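Inspection log for the structure reproduced underneath, given as structure tokens.
The structure displayed is predicted, hence computed values, not measured ones. Every chain is numbered from 1, with letters handed out A, B, ... down the list of sequences. What's counted below: heavy atoms across the whole structure, side chains too, no hydrogens, waters or symmetry copies.
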2 protein chains.
Amino acid sequence: MKTERYRKSLVSLAKEGVLKYISSNNLKPGDKLASEIELSRIVGVSRSTLREALAELSREGYIYKKQGKGTFVMERANFLRSGLEKFEGVTEVIRSFNYKPRTEVIKIEVGAPNEEIKDMLELSEEEMVVTFYRKRFANDKFAVYSVSSSPASLFVDGIPKCFENESMIDYFENHLKIKVNAAIAEISPFVFDENMSRKLGIKPGILFLLLKQVVVDSMGRKVIYSLDYYNSELFRFFINRKR
Amino acid sequence: MKTERYRKSLVSLAKEGVLKYISSNNLKPGDKLASEIELSRIVGVSRSTLREALAELSREGYIYKKQGKGTFVMERANFLRSGLEKFEGVTEVIRSFNYKPRTEVIKIEVGAPNEEIKDMLELSEEEMVVTFYRKRFANDKFAVYSVSSSPASLFVDGIPKCFENESMIDYFENHLKIKVNAAIAEISPFVFDENMSRKLGIKPGILFLLLKQVVVDSMGRKVIYSLDYYNSELFRFFINRKR
DNA sequence: GAGTGGTCTAGACCACGCC
DNA sequence: GCGTGGTCTAGACCACTCC
């Protein structure tokens with residue numbers, strides 16, 4: 001019989017073990033941990049597994065290592081909040097600020113792409129794209145103006161009229177079986193002209209952050225090209241940068 | 001006798017081996033590589049080492065894996081250019097755009113920090129800071145206005161008048177033996193008011209990107225808090241985002 | 001069931017920092 | 001010389017995919 005039960009990986013159990021070891025031994029920032037060999041016995045895993053756990057804890061800012069000396073507790077846990085280096089869709093961003101997201105579809109276009117889109121998605125001649133123009137609200141305040149284009153060939157079940165409480169990313173993953181993996185984003189400051197401000201129903205002069213993104217799936221295919229204009233009065237964007 | 005010679009790590013040799021295998025077998029995007037066991041024999045390393053090499057190649061966008069199926073050549077190599085997720089100082093950023101950097105020091109202040117700086121650097125009471133106000137030029141065009149503060153206690157050799165053709169980061173690493181490791185940055189759009197525009201010698205209304213950063217060394221100490229205002233007409237900022 | 005990648009182990013040897 | 005982290009190996013077993 002197969003007693004199928006949920007199992008965490010040993011590595012993540014080892015991470016918890018190390019953190020528990022640190023707190024139960026009351027280690028302070030700058031203090032030295034036991035050697036890897038000892039720690040592996042304490043935590044109850046092999047040294048390789050422990051080292052993988054230590055590597056993750058180091059990336060997450062809990063500890064640091066010095067070759068030939070030892071492993072030490074970090075001055076302070078940094079990087080608690082993930083930033084722009086982690087890919088999230090607009091819906092996820094709005095939710096992560098504890099705002100209630102709402103979407104208003106302005107229009108959906110199907111047709112030949114303009115040069116920019118064709119370039120960014122590396123489309124072949126005559127390939128069609130679907131472009132969604134949407135206003136996004138956070139707690140009913142205007143939050144993001146977003147223009148997203150995808151190759152029409154991806155929409156095997158026809159083009160959705162909206163994404164029924166789902167984010168576009170979720171739609172891609174759940175319905176189209178496209179696993180979104182990464183994005184290359186360009187970030188720049190932006191202000192809408194008076195005309196566009198009126199259309200979007202905002203007062204002119206508000207500063208926006210424009211995120212131009214090419215979204216890539218797990219096989220490296222370029223599946224979305226989007227322009228997302230974030231109202232800088234509602235959002236703060238962080239980036240965790242490593243040397 | 002010990003013939004001390006330069007040795008690359010086996011992992012990086014294995015990476016080269018895998019890339020050579022791909023090209024010499026003329027594998028195209030979407031093609032399947034040999035299994036890990038086979039590949040490890042072909043490349044001549046153990047499976048663990050090979051797997052580490054494959055993991056890096058996957059991060060770098062050359063290949064992708066599907067459990068139970070195999071390893072495949074990526075549709076295209078993405079992420080060729082590193083972006084904001086990699087920490088660089090202003091000088092490095094200017095150089096990476098192939099501009100010639102120049103710095104003009106406006107003033108250097110030593111004294112008690114304001115609340116913001118004290119907060120961000122987590123200073124104790126009565127700790128002093130040094131603040132550098134600098135204009136940075138790229139090919140003699142105004143590129144960045146930068147305000148950087150550090151705890152005065154770090155400057156063991158006295159406060160430098162300028163950084164003599166060195167970047168501040170280099171000065172920290174070479175003279176103060178402080179290994180800069182990471183930064184937490186907040187990015188936002190910005191415009192200078194007329195008064196400040198005049199002082200900086202730019203025409204008003206230019207859009208800037210403000211990068212507020214806390215720079216952290218290898219031990220997790222907060223060593224610099226800086227505000228860097230980048231002229232968006234001269235720079236384009238990219239971020240590689242992973243799911 | 002066969003084949004693939006995913007996880008984990010025990011142990012060897014190397015390179016660095018310090019006494 | 002000794003202890004530390006860094007690298008590498010050979011091999012076991014698991015989970016997923018496809019036939």
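Taking atom CD of Gln67(A) as the reference point, atom C1' of dG17(C) lies 9 Å away to the nearest angstrom. Separating the CG atom of Leu10(B) from the C1' atom of dA12(C) is a distance of 14 Å, rounded to the nearest angstrom. Regarding Ile37(B), its CD1 atom lies at a distance of 14 Å from the C1' atom of dA2(C), rounded to whole Å. Residue Glu56(A) contributes atom CD, which lies 10 Å from atom P of dT7(C) at whole-angstrom precision. Between Tyr64(A) atom OH and dG6(D) atom P there is a gap of 14 Å when expressed in whole angstrom units. In this structure, CD1 of Ile63(B) is placed 14 Å from C1' of dT4(C), rounded to the nearest angstrom. In this structure, Leu13(B) atom CG and dG6(D) atom C1' are separated by 16 Å, rounded to whole Å. In this structure, Lys32(B) atom NZ and dC18(D) atom C1' are separated by 12 Å, rounded to whole Å.
In this structure, CZ in Arg241(A) is found 5.0 Å from CG in Leu84(B), a value given to the nearest 0.5 Å. Atoms CE and OG, on Met168(A) and Ser150(A) in that order, are 4.0 Å from each other to the nearest 0.5 Å.
A sub-4.0 Å separation between OP1 or OP2 of dT4(D) and a side-chain N or O of Lys66(A) is absent. Here Lys69(A) reaches the OP1 or OP2 of dC18(C): one of its side-chain N or O atoms lies under 4.0 Å away. Between Thr71(A) and dG5(D) there is a side-chain polar atom (N or O) within less than 4.0 angstrom of OP1 or OP2.
Residues that satisfy the side chain to side chain contact (heavy atoms under 4.5 Å, CB included) test with Val73(B), not counting sequence neighbours, are Ile22(B), Leu27(B), Leu33(B). In this structure Glu127(B) satisfies the side chain to side chain contact (heavy atoms under 4.5 Å, CB included) test together with Leu123(B), Ser124(B), Pro151(B), Ser153(B), sequence neighbours excluded. For the side chain to side chain contact (heavy atoms under 4.5 Å, CB included) test, residues two or more places apart in sequence or in another chain that qualify with Ser46(B) are Ser48(B), Thr49(B). In this structure, the side chain to side chain contact (heavy atoms under 4.5 Å, CB included) partners of Ala112(A), at least two apart in sequence or on a different chain, are Met128(A).
In this structure, Lys32(B) places its NZ atom where more than 12 heavy-atom neighbours from other residues, nucleotides or ligands lie under 6.0 Å away.
Between Tyr64(A) and Phe72(A), the two ring planes are parallel [angle under 30°; tilted spans 30° to 60°].
Listed by residue number, there are no residues of residues 14-28 of chain A with a heavy-atom contact under 4.0 Å to DNA chain D. Residues of residues 47-55 of chain A that place a heavy atom closer than 4.0 Å to DNA chain C, in numerical order, are Arg47(A), Ser48(A), Thr49(A).
Judged by closest nucleotide on DNA chain C, Glu36(B) is the one of Glu36(B) and Ser12(A) placed further toward the 5' end.
With hydrogens and angles ignored, the 3.5 Å screen pairs a side-chain donor or acceptor of Asp31(A) with a backbone N or O of Lys28(A).
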